[in-house]
Amino acid sequence: MKKWVLGVSLCVMAVSVQAQSYQEYVQKALEAMSIDSTDEAERLFREAMRMEPAQRSNAMIYYQIGRLQEHRGKLEKALESYTMGLNVAPHVLPLRMSRAKLYMKLGNKEKALVDYSDILDWKADEQEALFMRAYIYTEQRLYKKARADYEALLKLNPRHEEARIGLVLLNEKDNRSREAMEQINAMVAAAPDHAILYAVRAGMEQTRKQYEAAEADFTKAISLAPQNVDYLLNRAAFYIETKRKKEARIDLDKAMELGANPDDVVSLRHKLR
């Protein structure tokens, strides 16, 4: 009888030590993350999962490992980690959202769309998922679906500026150009210090060959956000279109100084020849 009690006690102690070790590894991994020791953090997370491979909370460990791998630029490895986590717990929204974002970063919009749609099936008011799905639908020319998502998002959050801009650009593509221009003009009037609104309107004016207005808006956007490389590249492209090579070169040189993607700059420079 005493031996049986002793055996049970030892088993309980063993389970307790194992559980404690799992938590300790996780805690140490989080501490390593806090000091940006990413390799050590990943090793400790994997040790925790090795201790308890059936633990449901391993889904969140895969999430953390994926984040670490993304931070180190190992995007395919991160994608694999997020997928492993979702295999453990398919309905963990941070995991599903992170994988969707990574699919977008890798240029796989089709798979991102599946993930965003799954998220919205579970949580219909998830604003980021609504916005990104609307964006993808717009890219796919599925304008009716995109409009439904933008309108659902704006019903949840009428002040969501990105969604309002998205709806403007959707109207522009969907042959509702007058409505689109009225919307962007109203947004500029309501928020005259928001550089992005001028940049969006400038692009619309350039499409309409309203070159004087477009230049004024590009310049206003740059004056409000002088470090924004995209605005400089957009104005350089505008100057190239309007045969003003000197001004285009100045913007391209400035964009390079600010850290623009060299491929983007080279592509525009080719058009100057």
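Just so you know, these numbers come straight off a predicted model, no measurement behind them. Side-chain atoms are counted along with the backbone in the values below, which use heavy atoms only and exclude waters and symmetry mates.
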Apart from V114 itself, its cluster of hydrophobic side chains linked below 4.5 Å comprises none
In short, A129 meets I119 closest at the heavy-atom pair CB-CG2, 3.9 Å
Anything under 3.5 Å between a donor and an acceptor, one on a side chain of residues 187-195, the other on a protein residue two or more places apart or in another chain? List them.
unit_1 : atom_1 : unit_2 : atom_2 : d
H194   : ND1    : E161   : OE1    : 3.4
H194   : ND1    : E161   : OE2    : 2.6

Can you give each donor-acceptor pair under 3.5 Å made by side-chain atoms of residues 89-98, sequence neighbours left out, with the distance rounded to 0.1 Å?
unit_1 : atom_1 : unit_2 : atom_2 : d
R96    : NH1    : D115   : OD1    : 3.1
R96    : NH2    : P90    : O      : 2.9
S98    : OG     : P94    : O      : 2.9

Less than 3.5 Å apart, which donor and acceptor atoms pair up between the side chains of residues 134-142 and the rest of the protein, not counting sequence neighbours?
unit_1 : atom_1 : unit_2 : atom_2 : d
T138   : OG1    : A134   : O      : 2.8
E139   : OE1    : K109   : NZ     : 3.1
Q140   : NE2    : E110   : OE2    : 3.1

The complete set of side chain to side chain donor-acceptor pair (under 3.5 Å) pairs with one or both residues in residues 223-239, sequence neighbours excluded, reads E215-Y239, T219-R235, R235-D251
Heavy-atom nearest pair, A236 first then A248, reads O-CB, 3.7 Å
(message) With side chain to side chain contact (heavy atoms under 4.5 Å, CB included) as the criterion, how do L272 and L268 come out once you've worked through the C-alpha distance, each side chain's angles and the decisive distance to 0.1 Å?
(response) CA-CA 7 Å; L272 287 168; L268 288 171; over 6 Å; no
Side chain to side chain contact (heavy atoms under 4.5 Å, CB included) filter on N185, not counting sequence neighbours, yields M181, R201
Margin query: The test is side chain to side chain donor-acceptor pair (under 3.5 Å); show your working for Y211 and E241 and say whether it passes.
Written below: CA-CA 10 Å; Y211 292 135; E241 181 178 323; 2.8 Å; yes
Residue set satisfying side chain to side chain contact (heavy atoms under 4.5 Å, CB included) with Q64, at least two apart, ordered chain then number -> M33, F45, R67
Of all heavy-atom pairs linking A112 and A100, the shortest is CB-O, 3.6 Å
Path from Y150 to I165 over hydrophobic side-chain contacts below 4.5 Å
no
Give the cluster check for L106 versus M84: same hydrophobic cluster or not, with ILVMFWY residues linked at side-chain heavy-atom distances below 4.5 Å.
-> no
- Query: Can you tell me if NZ on K271 sees more than 12 non-hydrogen neighbours from other groups inside 6.0 Å?
  - Reply: no
Hits for side chain to side chain donor-acceptor pair (under 3.5 Å) against Y82, two or more places apart or cross-chain, chain-then-number order -> E70
Side chain to side chain contact (heavy atoms under 4.5 Å, CB included) filter on L156, not counting sequence neighbours, yields D125, Q127, L130
Contacts of V265 meeting side chain to side chain contact (heavy atoms under 4.5 Å, CB included) (sequence neighbours excluded), chain-then-number -> L233, L252, M256, A260, R269
Here the pair of heavy atoms bringing S81 nearest to I65 is OG-CG2, 3.6 Å
Among the clusters formed by ILVMFWY side chains lying less than 4.5 Å apart, do Y63 and L68 turn up in the same one?
-> no
Between E151 and K155, is there a salt bridge with N-O shorter than 4.0 Å? no
Please determine whether side chain to side chain contact (heavy atoms under 4.5 Å, CB included) holds for the pair M104 and K101, giving the CA-CA distance in whole Å, both sets of side-chain angles, and the decisive distance to 0.1 Å. CA-CA 5 Å; M104 289 296 292; K101 290 179 183 178; 5.6 Å; no
In short, side chain to side chain donor-acceptor pair (under 3.5 Å) pairs touching residues 162-173 with sequence neighbours left out are R147-N171, N171-Q183, E172-R208
task: Answer yes if V200 and L232 sit in the same cluster of Ile, Leu, Val, Met, Phe, Trp and Tyr residues linked by side chain heavy atoms under 4.5 Å apart, and no otherwise.
output: yes
Hydrophobic clustering (ILVMFWY, side-chain heavy atoms < 4.5 Å, transitive) - are L86 and L102 grouped together?
yes
Residue set satisfying side chain to side chain donor-acceptor pair (under 3.5 Å) with R249, at least two apart, ordered chain then number -> none
